[in-house]
Amino acid sequence: MPYFDAASAAPLHPVARQALLAALDEGWADPARLYREGRRARLLLDAAREAAADAVGCRPDELVFTSSGTTAVHAGIAGALSGRRRVGRHLALSAVEHSSVLHTAAAHEAAGGSFTEVPVGRSGAVDPAAYATALRPDTALACLQSANHEVGTEQPVEQVAALCAEAGVPLLVDAAQSLGWGPVAGGWSLLTGSAHKWGGPAGVGLLAVRKGVRFAPQGPAGERESGRAPGFENLPAIVAAAASLRAVRDEAAAEAVRLRALVDRIRSVVAERVGDVEVVGDPERRLPHLVTFSCLYVDGETLLHELDRHGFSVSSGSSCTSSTLEPSHVLKAMGVLSEGNVRVSLPVGTAEADVDRFLEVLPGVVAEVRERLGAPVSVAPSPAPVASLVVDALGRRCPIPVIELAKVIGEVPVGATVTVLADDEAARLDIPAWCEMREQEYVGEEPADRGSAYVVRRLS
C-alpha cells in the first residue's frame, strides 16, 4: 500500500532500525555514571550529539536532545524569550508556522507578552521586507520555519536572518520538515528538528542554541542536556535518530532529484486530469517530495477515505478532515482554496509505478465524490435569468456552500449577484477562492442574522 504521508511521519529508515537495536543492547545504562556501562552509554550519546551537530551545522555543545520536536520548539521559544526579557516581551513569527509555534505564541500572549504574525503571499512565503517591519525595539525573538509542513514552500531564511541580525534579534528556525534534506543556510540563532520527520524514531527532537544567544531554560532545573531538556535521555532512540539523519543526508542529493521529478509529474498531471483544482505552494522554491492541491466541490474527508480504500495513504489540511469548522491556518493565510485539500509527501524510495497508479486513480475518485455531493458538471445560464439570488447554506459544511453557489450562478444575468448565507468558517476562504478560479467577482462579506452573507457578482 503506497504511503504518501512522509511529512507527518517518515517510515523508519533501515539504518535507524539497526542503530536502535544495537543501542538497546549497548546503551541502556545511565550515561552520567562513571562505571563501564555508564561510560559506554556516554560514548554513544556523545557520538550521536556530534553526528547531529554536524548535520545541523553547529557545535556539539550547542545541541541538546529533547523528547519531541514540539518540546524543542516550546523550550527554545520560552528560553529565548526569558533570556531576553529585559529587551522586551514581543515575539515575531510568520502566519504559517507550525501549530507548536502558534500555541507557544498564544500562551506567551496570555501571560502578558505580545506577538506579531507576518503575512504570506499566495505561494506561502513571507516577504523579507514585510518581516523586517514586524521587528520592534522590544522584539525578544523572531521565528521562521525553514519550509512549510503543509505546502512545502521554502522560506527566505537567509535573508530574514540577516535582517534579524541587523536588528539585534535572534532568529529561531523550525527545521523539522527540511533537516533531512540539508542544513539550513543563514545566520540563525536557534534551530529545532524532529527525528520522525527524517526517518528516525518518534520521541526524539533536537534544539540547537548558538553560543552568545541569551537563553534561560524554563521550568524546574535539570542536570541533563545542559539543563535544557530535563529527564533521563532515551539513548537508543537518540542514537537511532542521529544515525538515520546522517544516512538520509548521504542519500538526499540523488533522492531529491528523483522525488522532485515525481512531484513535478503530480503537479502537472493533476492540473490536466482533474478539473477545478488548485495546486498550491511555490512551484520552484519548495521541498522536493511534497505537493498539495485543493479540489472544488469535494468533501476532503470523503476524498481521503476513498483514496485510502484504493490503497493510498495521503493527508490534508482541509477543515473538512478535522473535528472543527476552522480551515487550515496555512491555507487560510495563503488565501487559497481549502476544500478538498490533499497533501502528498513521498517518502524516500517511493516507486514511480506507485505515483503513476495514484494519478490514474485520482481523477475517478474526485469525480465520484463530486457526483455523490451533487456538484455541477458545468454552469449553464438559465433561460429566464433573475435579478439576484440568495442561497441559504446555513448549517451546511464545506464544500456544500460552494457547490450551491456554482449551481445557481448561471441563473442570474451578468452583473447581478448571488448572496450565500453560510456559518461554516471555511466559506470565508473557499468562496473567494472559487470566484478567482471561475473569474467571477467576490464583492465581499456582509453581516447576517446567522453566520455571514457572502456576495458574488457574475462577470461571465
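As the structure is a prediction and not an experimental result, all values here were calculated from the model. The chain is numbered in sequence order, starting from 1. Only this structure's heavy atoms are used, side chains among them; waters, hydrogens and symmetry mates stay out.
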Q: With R343 as reference, evaluate S328, S294, S315 under the side-chain hydrogen bond (donor to acceptor under 3.5 Å, both in side chains) test and give the passing residue.
A: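 The option that passes is S315.
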
Has [X] got more than 12 heavy atoms of other residues, nucleotides or ligands less than 6.0 Å from its [atom1]?
X    : atom1 : answer
E352 : CD    : no
R267 : CZ    : yes
R214 : CZ    : no
R17  : CZ    : no
D25  : CG    : yes

Any side-chain heavy atom of [X] within less than 4.5 Å of one from [Y]?
X    : Y    : result
T350 : Y3   : no
V15  : R246 : no
W434 : L296 : yes
I77  : V101 : yes

Q) Any side chain to side chain donor-acceptor pair (under 3.5 Å) pairs touching residues 119-133, not counting sequence neighbours? A)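 Pairs touching residues 119-133 that pass the test: R122-E278.
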
So does [Y] get a backbone contact from the side chain of [X], meaning a donor-acceptor N/O pair under 3.5 Å?
X    : Y    : value
D424 : A427 : no
H329 : E97  : yes
S67  : G203 : no

Q: Sort and list the pairs that fulfil ring-ring contact (aromatic ring centres under 6.0 Å, His included) and have at least one residue in residues 76-108, not counting sequence neighbours.
A: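 Non-adjacent pairs meeting ring-ring contact (aromatic ring centres under 6.0 Å, His included): H98-H149.
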
Q) What are the two closest non-hydrogen atoms of E233 and L45, and how far apart are they? A)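 In terms of heavy atoms, the two residues are closest at OE2-CD2, 4.1 Å.
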
Q) Would you call the rings of F4 and F312 parallel, tilted or perpendicular if under 30° counts as parallel and over 60° as perpendicular? A)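 The arrangement is tilted - the two ring planes meet at 30° to 60°.
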
(Q) So if I apply the side-chain contact (heavy atoms from CB on, under 4.5 Å) rule between F65 and each of V204, L207, L235, N234, which one comes out positive? (A)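 By the side-chain contact (heavy atoms from CB on, under 4.5 Å) criterion, F65 pairs with just one of V204, L207, L235, N234: V204.
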
(Q) Checking S8 against D5: is there a side-chain donor and acceptor pair closer than 3.5 Å? (A)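 Looking only at side-chain atoms, S8 and D5 do form a donor-acceptor pair, the distance falling under 3.5 Å.
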
Q) Just checking, is any N or O donor in the side chain of R136 or T139 under 3.5 Å from an acceptor N or O on the other one? A)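 On atom types as modelled, these side chains do not qualify, holding no pair under 3.5 Å.
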
